[in-house]
Amino acid sequence: MHVNSESILTVKNLTKLVQVEDKSLTILQPLDLNVVEGETLAIVGSSGSGKTTLLSILAGLDLPSSGQVYLKNQPLHQFNEELRSQVRAQHVGFIFQQFLLINSLTALENVMLPAELANLPDAQARGEALLSQVGLADRLDHFPSQLSGGEQQRVAIARAFIAKPDILFADEPTGNLDSKTGQHITDLIFDLNAREGTTLVLVTHDSKLAARCQRQVEMDSGVLTETTKVDDNTPLNQEEFTSNQATDKKNKLDANHKVTQAG
Amino acid sequence: MNNGKITASSMWFRQSMRLLHHELRRGELTIIFFAIVLAVATVFSLTGFSGQIKHAIVANSTNTIGADRVLRMSAEVEPSYLVKSQALNLVTARKIETESMVFAGENMLLTELDAVSDNYPLRGELRVKTSLAQAESVIANAPAPGSVWVEPSLLSRLAVNIGDVIEVGVAPLTIAGVVTDIPDRSYRAFIAGPTIILNIADMATTELIQPGSRLTYKYLFAGESEAIATFEDWLKPKLNDAQRWYDAKAAQNRLSRVLDTSEKFLSLASMLGIVLAAVAVAVASRRYGQRHQATVAIFKALGASIRHVKKLYCLHWALLSCLSIATGLVLGYGLMLLGANAIASYLSLAEAPLTMKPFLTAIITGLLCAIAFAIHPIMSLVQSSPLKVIRGFSQEKTARFGWHQLPPLLALFLLLFMFSQDLVMSMALLLGGILVSFLLLLFGRGLMSAGRGVGTKAGKSWHLALANLKRRASENSVQLVSFTIAIKLLLLITVMKSSILAEWQQQFPDDTPNHYLINISQAQIPELQQFTEENQIANQGFYYIYRARLSAINGEKTISAEDVASQANSSEQGSEQSNEQSQGRRGVGRELGLTWRNELPIENKIIAGQWWQEGDQQGQVSIEQNMAERLDIKLGDELTFRLGSDEFTVPVTSIRQVNWQSRQLNFIMIFNQSVLEKFPTTAISAWSVSTQDRDKVYRFMANFPTITLMDFAAIMAQLNQIIGQVSVAISLILILVVVAGSLVLIAQVQASMEERERELAILRTLGARGKLLRNSVLFEFVALGAIAGLMASMGMEIGVYILQSQVFNMTGSFHFQYWFVGIGAGAAFVGFIGMLSCWRLLNLSSVTLIRRTM
């Protein structure tokens with residue numbers, strides 16, 4: 001795993017306005033943000049605070065009304081849809097609250113998709129390996145409708161990591177899951193993230209989940225405030241994390257099976 | 001991270017195939033597939049089949065006129081014409097065509113008589129079998145004098161065999177064989193009966209040729225093409241408008257035009273089904289587009305470019321189109337073979353080759369259905385924003401009217417134009433179709449709303465069903481229109497077959513004529529008159545009949561609509577000789593049957609001018625009202641008629657209203673005695689023969705074999721047969737509409753499936769029982785079908801009323817018993833198809849239902 005303090009995501013003076021009927025509504029007040037490689041950042045805030053809008057702009061899904069967004073030094077705010085999709089294919093991974101798997105593709109095919117879009121070799125082998133890492137080695141050919149919510153999110157996590165993204169955006173990844181499954185999914189995300197050294201930007205209103213990130217910012221009515229000042233940019237100690245994971249691993253898999261059966 | 005790239009081209013292909021593979025197991029593509037298959041198969045079989053028939057009849061036969069040129073006229077030719085043709089070394093054959101009764105013992109039959117000279121035919125082959133056991137027919141010329149060739153059906157209808165004697169007119173002639181191929185066979189809709197070919201030398205002994213007999217004389221010419229051309233140049237200026245000079249190509253063109261017209265009619269009628277198939281494509285692809293929004297948004301969020309997404313879906317659509325068009329062609333070919341098999345006894349299509357036309361027409365139809373009706377949903381699918389992964393997927397409502405409706409409308413217009421080849425007609429059909437659909441929609445929506453009100457008072461299931469029906473009213477409109485049309489066709493066929501003709505026959509008084517006598521010589525009249533008086537057979541007397549053409553009105557030469565058409569097509573008409581004049585006043589275009597009368601016939605009323613005095617020496621004519629209006633003829637106008645080689649001009653002194661429905665002998669032109677009595681002719685009469693007098697009349701008439709006795713029942717039987725054939729054609733369209741309408745219904749149900757699932761889940765959660773849910777779904781479709789049946793019944797009554805008042809001149813009547821048929825059939829069929837398409841949904845357990853949707 002590599003650690004350095006280079007910026008991966010830089011936001012300057014970003015605003016977002018939307019037209020509602022005749023009035024223009026400010027969703028995001030002018031804000032700056034800097035995320036360095038390997039960092040884990042939580043954007044917290046209540047519903048309607050603008051955190052999801054910020055996430056979609058940071059990930060290049062949407063454009064700001066003004067200001068600049070640089071992802072891997074690429075000016076997303078100047079890019080059209082096509083160029084932004086190239087950036088996403090090369091650098092970005094996603095985990096959504098609604099899982100958003102393609103229903104007509106199997107678990108494995110869903111996982112392979114980003115690797116194929118980024119033209120990476122051996123997408124299938126990687127997909128199989130990742131699915132087995134998230135405990136779904138025996139569900140490769142199952143369709144999303146045949147999987148429980150927790151299992152679907154695990155497929156989505158495997159999909160998020162397959163193209164070895166530089167930055168991973170997670171939008172309320174446990175929002176649709178019960179607390180036990182949600183806990184397990186959180187563990188999986190942080191586990192894989194630590195292993196792959198991916199930068200993580202996580203949007204949540206769950207303070208426990210946010211607390212697992214090195215740094216937290218809070219959105220309130222479109223205003224962004226830094227809530228945790230982290231001096232040391234180093235993520236969680238690798239050894240410590242690995243041991244945590246090792247002790248938990250058996251329990252997690254059992255829990256997963258229960259979820260599956262319950263579902 | 002981009003080390004060891006795999007080729008991007010194979011990747012998108014694999015992804016697309018993967019999506020398609022899984023997609024095929026879901027519904028929409030199947031609907032689209034079947035809809036395109038249906039459209040392609042219909043168009044291919046129809047166009048291919050009629051093309052083959054045309055080829056078998058027209059192009060494949062070496063000669064359709066039995067000569068190089070034919071001169072056709074209603075009298076014998078000027079001898080000088082034949083002298084000239086001999087001088088040019090042309091070979092000549094003669095043929096006289098007429099209709100007559102033939103007798104064999106107790107049996108008699110109306111037949112087509114072809115009297116031919118020994119060397120007939122000059123071109124093409126006449127093939128006969130001299131024994132029924134003979135496998136192959138042999139080439140023949142005219143039968144020897146005293147014998148005839150007959151068409152096979154005559155043997156069974158007269159219960160005779162080869163070698164037996166039949167009476168043609170007064171001549172006993174021996175059947176020497178059956179004819180299998182006639183080179184200049186006529187393909188008319190009304191053919192009196194089977195053809196008999198006899199030697200022209202026997203014609204005199206039959207005594208069928210009398211002054212005024214309705215005969216067609218044909219002179220066949222063959223020879224060196226230069227000699228033919230010289231003769232043609234010499235002859236053409238001498239011909240009048242009652243004489244037709246034509247070659248094989250002109251005859252073929254005439255026949256082709258008839259076949260083209262019926263093909264056009266059938267294609268346009270089948271447009272109804274094709275439009276519905278296209279609507280099914282549109283509905284299914286809209287849902288396909290909506291359901292794939294998530295896939296596209298995820299693909300894009302994960303970094304797929306628009307180009308990439310476009311390629312994925314274009315490949316899907318291309319494969320789907322190709323597959324369904326290919327299947328449609330195969331199925332259409334199968335249908336064509338079925339059709340060829342069905343008519344094999346009349347016409348062999350085995351050697352008729354398939355041209356490119358049906359392939360092209362069918363493929364264009366398939367492509368238009370696949371592209372024009374799906375392009376909007378597919379294009380907006382490809383444009384789906386990746387932001388939707390965050391914002392969620394809404395069911396986007398497309399504006400009801402907008403640019404996206406242009407491609408389907410354009411496609412409809414193109415299809416109409418392709419089938420009709422007529423810009424104005426295509427436009428009119430398109431606008432008319434839109435108008436009719438709009439009216440039906442409006443009316444149907446009204447009924448659905450009314451049903452909602454009724455539903456609140458009915459049981460719970462009905463309440464839910466009718467509420468749902470109203471809520472989905474706009475989605476249901478298309479099915480409503482299609483089933484309305486289908487049921488209306490069904491009802492029209494049924495009513496036409498079983499009621500209208502019967503009702504029409506019932507309305508005549510008992511003494512209405514039911515037998516018609518034709519070809520009565522002047523000498524026979526007193527004997528017949530005596531017979532009717534002695535036996536008290538009701539009749540309106542004897543009418544002398546003269547065949548003549550209206551050649552000029554107020555000195556201005558007439559031209560018929562047919563002449564105008566043939567002149568427009570003269571480039572492809574070969575050397576057909578029609579009217580030399582390109583300009584002229586509108587005429588009748590055929591020979592008219594004229595008569596003279598001293599008293600105004602019954603069922604006739606003078607509406608302008610005055611009837612003449614008996615013995616008036618100045619020539620006068622009375623014209624029927626409708627004809628006078630059509631040709632814009634007024635009192636005092638001078639009409640010129642050509643009767644054989646004579647021409648005479650008389651003023652119009654009265655205009656008559658005629659009751660055409662009376663089944664009396666009616667005439668368009670009636671003259672006073674002095675105009676016509678100098679021309680030799682035969683007479684006709686109409687008798688009312690009671691059942692008990694029937695045998696007596698037939699025995700008496702056997703003494704007059706040259707008189708043709710036609711039984712009205714036989715004419716009715718022929719009419720019934722034609723209605724039967726028309727019904728078959730309508731039934732084919734009906735089946736097409738029903739299948740296409742069902743596809744639309746299934747597509748629509750699939751489109752509402754998620755919504756239905758959600759509703760059922762909510763109702764389940766609230767404690768609704770399975771029976772209530774099942775009934776609410778069933779009743780929704782039953783109500784839809786019943787409304788369609790109700791609208792169809794009303795439509796049927798309007799259609800029948802128009803038929804009754806315009807075609808049969810009857811007073812309109814209601815047919816309420818068929819309303820039950822219409823409503824019942826609609827409710828049962830739509831209920832069945834609806835339940836079938838919701839079967840899976842209704843059989844889901846409550847737990848699954850709730851889990852899937854909550």
Side-chain angles (χ1 to χ4, degrees), chain A residues 52-57 59-63 80-94 96-106 108-110 112-124 143 145 148-149 156 159-160 162-166 169 171-172 203 263, chain B residues 1-26 28-29 288 291-310 312 316 382-393 754 847-848 851-854:
Chain A
T52 299
T53 306
L54 177 61
L55 178 92
S56 50
I57 296 173
L61 291 171
D62 201 359
L63 284 172
N80 64 14
E81 179 61 53
E82 281 300 271
L83 288 172
R84 281 184 279 134
S85 68
Q86 271 181 30
V87 173
R88 287 198 299 271
Q90 284 172 1
H91 304 294
V92 177
F94 279 109
F96 302 103
Q97 179 177 3
Q98 318 280 353
F99 324 136
L100 293 184
L101 300 177
I102 293 173
N103 284 328
S104 54
L105 297 182
T106 62
L108 178 61
E109 287 166 350
N110 264 294
M112 285 159 63
L113 204 57
E116 289 177 337
L117 289 171
N119 293 328
L120 298 181
D122 48 279
Q124 183 164 352
F143 287 96
S145 59
S148 71
R159 180 177 69 181
I162 191 170
K164 294 188 180 293
D166 297 303
F169 291 97
D171 180 21
E172 303 276 15
V203 162
Chain B
M1 57 191 270
N2 289 348
N3 48 346
K5 285 193 173 187
I6 53 164
T7 56
S9 58
S10 67
M11 190 265 291
W12 74 263
F13 185 78
R14 266 188 296 135
Q15 281 181 347
S16 182
M17 294 312 286
R18 209 183 280 153
L19 279 172
L20 184 65
H21 171 72
H22 296 309
E23 195 55 46
L24 284 177
R25 293 188 297 193
R26 305 184 65 112
E28 298 94 40
L29 289 185
Y288 177 85
R291 229 172 30 76
H292 276 250
Q293 269 183 23
T295 306
V296 169
I298 296 168
F299 258 90
K300 285 187 174 176
L302 297 178
S305 63
I306 293 184
R307 223 171 92 85
H308 183 86
V309 174
K310 265 189 191 158
L312 294 184
H316 278 196
V382 171
Q383 301 299 333
S384 280
S385 161
L387 197 54
K388 285 187 176 159
V389 295
I390 303 280
R391 296 266 168 256
F393 306 94
E754 279 91 12
V847 182
T848 329
R851 246 197 61 207
R852 280 167 69 121
T853 51
M854 292 289 134

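Naming: A, B, ... by sequence-line order, numbering from 1 per chain.
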Between [X] and [Y], is any pair of side-chain heavy atoms under 4.5 Å apart?
| X | Y | result |
| --- | --- | --- |
| B:Pro386 | A:Arg84 | no |
| A:Ile102 | B:His22 | no |
| B:Gln15 | A:Leu105 | no |
| B:Ile298 | A:Phe94 | no |
| B:His21 | A:Glu109 | no |

Provide the closest heavy-atom pair for [X] versus [Y] in the form atom of the first, atom of the second, distance.
| X | Y | answer |
| --- | --- | --- |
| A:Ser85 | B:Ser305 | OG-CA, 3.8 Å |
| B:Lys300 | A:Arg88 | O-NH2, 2.7 Å |
| A:Glu82 | B:Arg307 | OE1-N, 3.9 Å |

(message) Under the rule for ring-ring contact (aromatic ring centres under 6.0 Å, His included), what residues qualify as partners of A:Phe99, not counting sequence neighbours?
(response)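 By the ring-ring contact (aromatic ring centres under 6.0 Å, His included) rule, A:Phe99 matches no residue at all.
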(message) Which residues pass the side chain to side chain contact (heavy atoms under 4.5 Å, CB included) test with A:Gln98, not counting sequence neighbours?
(response)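 A:Gln98: side chain to side chain contact (heavy atoms under 4.5 Å, CB included) contacts with A:Leu100, A:Asn176.
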(request) Give, for atom CE of A:Met112 and atom CZ of B:Arg14, the distance between the pair rounded to the nearest 0.5 Å. (result) 6.5 Å
(message) Under 4.5 Å from any heavy atom of chain B, what part of A:Asp62 do you find: side chain, backbone, both or neither?
(response)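 Both backbone and side chain of A:Asp62 come within 4.5 Å of chain B.
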(request) Let me know if A:Leu83 has heavy atoms under 4.5 Å from chain B in its side chain, its backbone, both or neither. (result)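 Neither part, no heavy atoms under 4.5 Å.
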